[in-house]
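What you see below is based on every heavy atom in this structure, not just the backbone, and it leaves out hydrogens, waters and symmetry mates. In this chain, numbering begins with 1 at the start of the sequence shown.
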Amino acid sequence: MARVLVGVKRVIDYAVKIRVKPDKSGVVTEGVKHSMNPFDEIAVEEAIRLKEKKFATEVIAVTCGPTQSQETLRTALAMGADRGIHVEIPADDYVKTGPLQISKIFAKLAEQEKANLIILGKQAIDGDNNQTAQMTAAVLDWAQGTFASELKLEGEKLTVVREVDGGLETIDLKMPAVVSADLRLNEPRYATLPNIMKAKKKKVAKLTAKDLGVDLASSIEILEVADPPQRLAGIKVENTEELVGKLKEAGLV
């Protein structure tokens, strides 16, 4: 049986148009709608399904970030997670916190909670780093199955179907393991109103990185955040000869 830690991150909602701060130090987050990272929703759904199939004894949702991150944690609890852990990181420190620091937090929590399966979204839609699951597995020295589109647990064996460039790859992992959820793993459920109300009564433990003995200092410094260059308007050509001529004018052929 698995005891599952599942990571949930609060990100700017996917439907919001991102705006860069005037000083180019980051993106505007004040007064902007936030929601759970979509890949994390898939991770939560998969963890809950494992429990519903009696393959998991408990699902513990974990979030790192400022006070507002508790909203995301409550969403995971409303979806069906049993309890939550909020590792509080002040907003000013959180923007400098990278995947390595987060992976160390997950590793410490896995040891503390005696978890043997960690499910994370393959990446967050804000940083697009796609590193936390791999780093967590490395810190713990656990098996890893990334970009999972199918998951099957039998005793101490975890079979993962992975999305790779050439198609699909099936691997067998020996527990304990870290899995990162890809888009086609499942279709996340919606939290119903009764479950949203029940989630308010579920336990949420509050910790800090210091409580876990994790140093949040990062060796990476963000120098500048900028909008991508605007795409220039294209032109239509009548035939291939004109196309070749235009390419020659631009020095591309």
Side-chain angles (χ1 to χ4, degrees), residues 3-14 16 29 32-48 51 56 58-113 115 117-133 135-136 139-140 178-181 188-191 195-196 198-214 216 218:
R3 195 171 196 195
V4 189
L5 282 186
V6 60
V8 294
K9 185 178 183 182
R10 179 178 182 264
V11 298
I12 295 176
D13 191 83
Y14 69 91
V16 172
T29 56
V32 174
K33 181 184 176 184
H34 285 68
S35 59
M36 187 189 299
N37 178 48
F39 290 105
D40 294 345
E41 288 183 349
I42 296 169
V44 172
E45 175 65 29
E46 195 64 22
I48 294 166
K51 187 179 179 189
E58 187 178 30
V59 175
I60 307 164
V62 178
T63 192
C64 302
T67 305
Q68 297 93 320
S69 298
Q70 285 192 41
E71 300 166 10
T72 307
L73 203 54
R74 290 293 175 189
T75 301
L77 296 175
M79 288 175 69
D82 297 299
R83 59 187 174 93
I85 298 174
H86 177 205
V87 180
E88 192 160 7
I89 303 174
D92 290 344
D93 294 332
Y94 186 59
V95 295
K96 305 171 195 171
T97 304
L100 180 58
Q101 289 73 37
I102 300 299
S103 67
K104 289 178 180 178
I105 288 173
F106 271 101
K108 288 289 186 181
L109 287 174
E111 293 170 355
Q112 185 173 294
E113 295 293 333
L117 179 60
I118 300 175
I119 307 179
L120 307 172
K122 73 168 184 177
Q123 65 196 78
I125 61 171
D126 51 5
D128 273 338
N129 291 306
N130 178 22
Q131 295 174 340
T132 306
M135 288 181 171
T136 302
V139 172
L140 287 166
V178 180
V179 173
S180 72
R189 69 192 68 190
Y190 289 101
N195 286 337
I196 291 172
K198 288 177 186 175
K200 294 180 180 179
K201 297 180 181 179
K202 291 184 178 180
K203 291 182 180 179
V204 174
K206 292 184 183 179
L207 300 170
T208 65
K210 188 177 180 180
D211 293 334
L212 298 169
V214 175
L216 293 179
S218 175

- Query: With side chains defined as the heavy atoms from C-beta onward, is the minimum distance between Arg74 and Ile196 less than 4.5 Å?
  - Reply: no
- The side chain to side chain donor-acceptor pair (under 3.5 Å) partners of Asn129 (sequence neighbours excluded) come to none
- Quick one: CG on Asp211 to NZ on Lys206, what's the gap to the nearest 0.5 Å? 13.0 Å
- Separation of Leu73 CG from Lys202 NZ (nearest 0.5 Å): 10.5 Å
- Item | Spacing of CG belonging to Leu140 relative to CZ belonging to Phe106, to within rounding of 0.5 Å | 11.0 Å
- Task: Hey, could you give me the OH/OG1 distance between Tyr190 and Thr75, rounded to the nearest 0.5 Å?
- Result: 13.0 Å
- Query: Distance from Leu216 atom CG to Thr208 atom OG1, nearest 0.5 Å?
  - Reply: 8.5 Å
- Message: Quick check for you: to the nearest 0.5 Å, what is the distance between Leu77 atom CG and Lys201 atom NZ?
- Response: 14.0 Å
- Query: Any idea which heavy atoms bring Leu120 and Ala133 closest together, and the distance?
  - Reply: CD1-CA, 3.6 Å
- Task: Taking the side chain as every heavy atom from C-beta outward, state whether Val204 and Ile85 have any atom pair closer than 4.5 Å.
- Result: no
- Task: Could I get the full list of side-chain contact (heavy atoms from CB on, under 4.5 Å) partners for Ala76, not counting sequence neighbours?
- Result: Val8, Met36, Val44, Ala61
- side-chain contact (heavy atoms from CB on, under 4.5 Å) evaluation trace for Val179 with Ile118: CA-CA 6 Å; Val179 173; Ile118 300 175; over 6 Å; no
- Residues that Leu212 engages under side-chain contact (heavy atoms from CB on, under 4.5 Å), provided they are two or more places apart: Val87, Ile105, Lys108, Leu109, Gln112, Leu207, Val214
- Partner of Lys9 by side-chain hydrogen bond (donor to acceptor under 3.5 Å, both in side chains), out of Asp40, Thr63, Asp126, Asn37: Asp126
- Sequence neighbours excluded, every pair satisfying side chain to side chain donor-acceptor pair (under 3.5 Å) that has a member inside residues 80-105: Lys51-Asp82, Glu58-Arg83, Thr67-Glu88, Arg83-Glu113
- Non-hydrogen side-chain atoms of Leu117 and Leu5 separated by less than 4.5 Å: no
- Scan residues 62-73 for pairs that pass salt bridge (Lys or Arg N to Asp or Glu O under 4.0 Å), counting only residues two or more places apart or in two chains. none
- By side-chain contact (heavy atoms from CB on, under 4.5 Å) - contacts of Asp13 (at least two apart): Ala15, Val16, Lys33, Ser35
- Taken in chain and number order and not counting sequence neighbours, the residues that satisfy side chain to side chain donor-acceptor pair (under 3.5 Å) with Gln123 are Asp128
- Specify the closest pair of heavy atoms between Val139 and Ala107, including all atoms of both residues, with the distance to one decimal. CG1-CB, 3.5 Å
- Item | Heavy-atom pair with the smallest gap, counting every atom of Cys64 and Ile89 | CB-CD1, 4.0 Å
- Item | Set of side-chain contact (heavy atoms from CB on, under 4.5 Å) partners for Pro188, sequence neighbours left out | Glu41, Ile42, Glu45, Met79, Asn186
- Item | Side-chain heavy atoms of Ile12 within contact of Thr29, under 4.5 Å | yes
- Side-chain contact test, heavy atoms from C-beta onward, threshold under 4.5 Å: evaluate it for Leu100 versus Gln131 and give yes or no. no
